[in-house]
Amino acid sequence: TCSSDGTDRCLSVDYIELFCRIDDVVRDNSLYLDSKLRLEVICRLVGTNRTYASRAIGAKYKNFSEYLNLLRLEYFVLVILSKPFHLFDTIDCDDMAISCGFKNRRSFDRALLRASGLTYSQVRKDLYNFRQNFYAKILPISSSRSSPSEAFPPRLLLHLRSHSFK
């Protein structure tokens, strides 16, 4: 598979398989929720070295940080879509950032803004419309998903799909 970003990089089957193993370990163990997670930890769990792991992740993502941040944002979206409106209003941004695996509010807001065009404050101010827009735009696209609570923000979903091996 060749990359679609205009470069001539082609992904070897080995890197694709390695990324899938990495992704399975990270997702299955919710490792992305650890703000201190390092690539070396994942390498030990998967049984590879830092160079191969970095190349496997780099074949689809800008870097390891971008990969982790997108997983953390997936988790954030699942959290906000599963919470009742009144409970979400009581969650502080710092607490949300840390519970999603970010080191602090600033890194959380920056990642969220890059992926979706929204800050946490914007999401909180208009949660009802935020949820309604998700359902209206995502459900037709993600009909294979098992429930509406698994929907992602449109821009985030498109970004995730463009970086998915599966």
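The model shown is predicted, which means the values in this text are computed figures rather than measured ones. Values reported hereafter were calculated over all heavy atoms of this structure, with side chains retained and with hydrogens, waters and symmetry mates removed.
For V41, the side chain to side chain contact (heavy atoms under 4.5 Å, CB included) partners at least two apart in sequence or on another chain are L37, R44, L45. Taking the ring pair (Phe, Tyr, Trp, His ring centres under 6.0 Å) definition, one finds that F64 meets it with nothing, sequence neighbours left out. Qualifying side chain to side chain contact (heavy atoms under 4.5 Å, CB included) partners for R38, counting only residues two or more places apart in sequence or in other chains: E40. When the side chain to side chain donor-acceptor pair (under 3.5 Å) test is applied to Y67, the partners found at least two apart in sequence or on another chain are D23. Residues satisfying the side chain to side chain contact (heavy atoms under 4.5 Å, CB included) test with R110, not counting sequence neighbours, are R106, S107, R114. In this structure F102 satisfies the ring pair (Phe, Tyr, Trp, His ring centres under 6.0 Å) test together with F108, sequence neighbours excluded. Listed by chain and number, the residues in a side chain to side chain contact (heavy atoms under 4.5 Å, CB included) with T119 are D109, L113, S121, Q122 (sequence neighbours excluded).
I98 is not connected to L73 by any chain of hydrophobic side-chain contacts under 4.5 Å among Ile, Leu, Val, Met, Phe, Trp and Tyr, and they are in different clusters.
Of the possible donor and acceptor atoms, one in the side chain of D34 sits under 3.5 Å from a partner among the backbone N and O of K36. At distances below 3.5 Å, at least one donor-acceptor pair connects side-chain atoms of R72 with backbone N or O atoms of G101.
Taking OH from Y15 and SG from C20, the interatomic distance works out to 14.5 Å, rounded to the nearest 0.5 Å. Rounding to the nearest 0.5 Å gives a distance of 7.5 Å between CZ of R50 and SG of C43. Separating the CG atom in L71 from the OH atom in Y61 is a distance of 6.5 Å, to the nearest 0.5 Å. Distance CD1/I57 to CG/L39: 5.5 Å, rounded to 0.5 Å.
Across every non-hydrogen atom of V25 and N29, the tightest pair is O-ND2, 2.9 Å. Closest non-hydrogen pair, L18 versus A53, comes out as CD2-N, 3.9 Å.
A 4.5 Å side-chain heavy-atom check between N49 and Y52 finds at least one atom pair inside the cut-off.
Between E66 and K60 there is no salt bridge, since none of the side-chain N atoms of the basic residue sits less than 4.0 Å from a carboxylate O of the acidic one.
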Checklist entry - Given N104 and D94, is the side-chain contact (heavy atoms from CB on, under 4.5 Å) satisfied, shown in steps? => result CA-CA 6 Å; N104 55 49; D94 294 311; 5.9 Å; no
Checklist entry - For S99 and M96, what are the C-alpha separation, side-chain angles and deciding distance, and is it a side-chain contact (heavy atoms from CB on, under 4.5 Å)? => result CA-CA 5 Å; S99 71; M96 179 61 79; 4.0 Å; yes
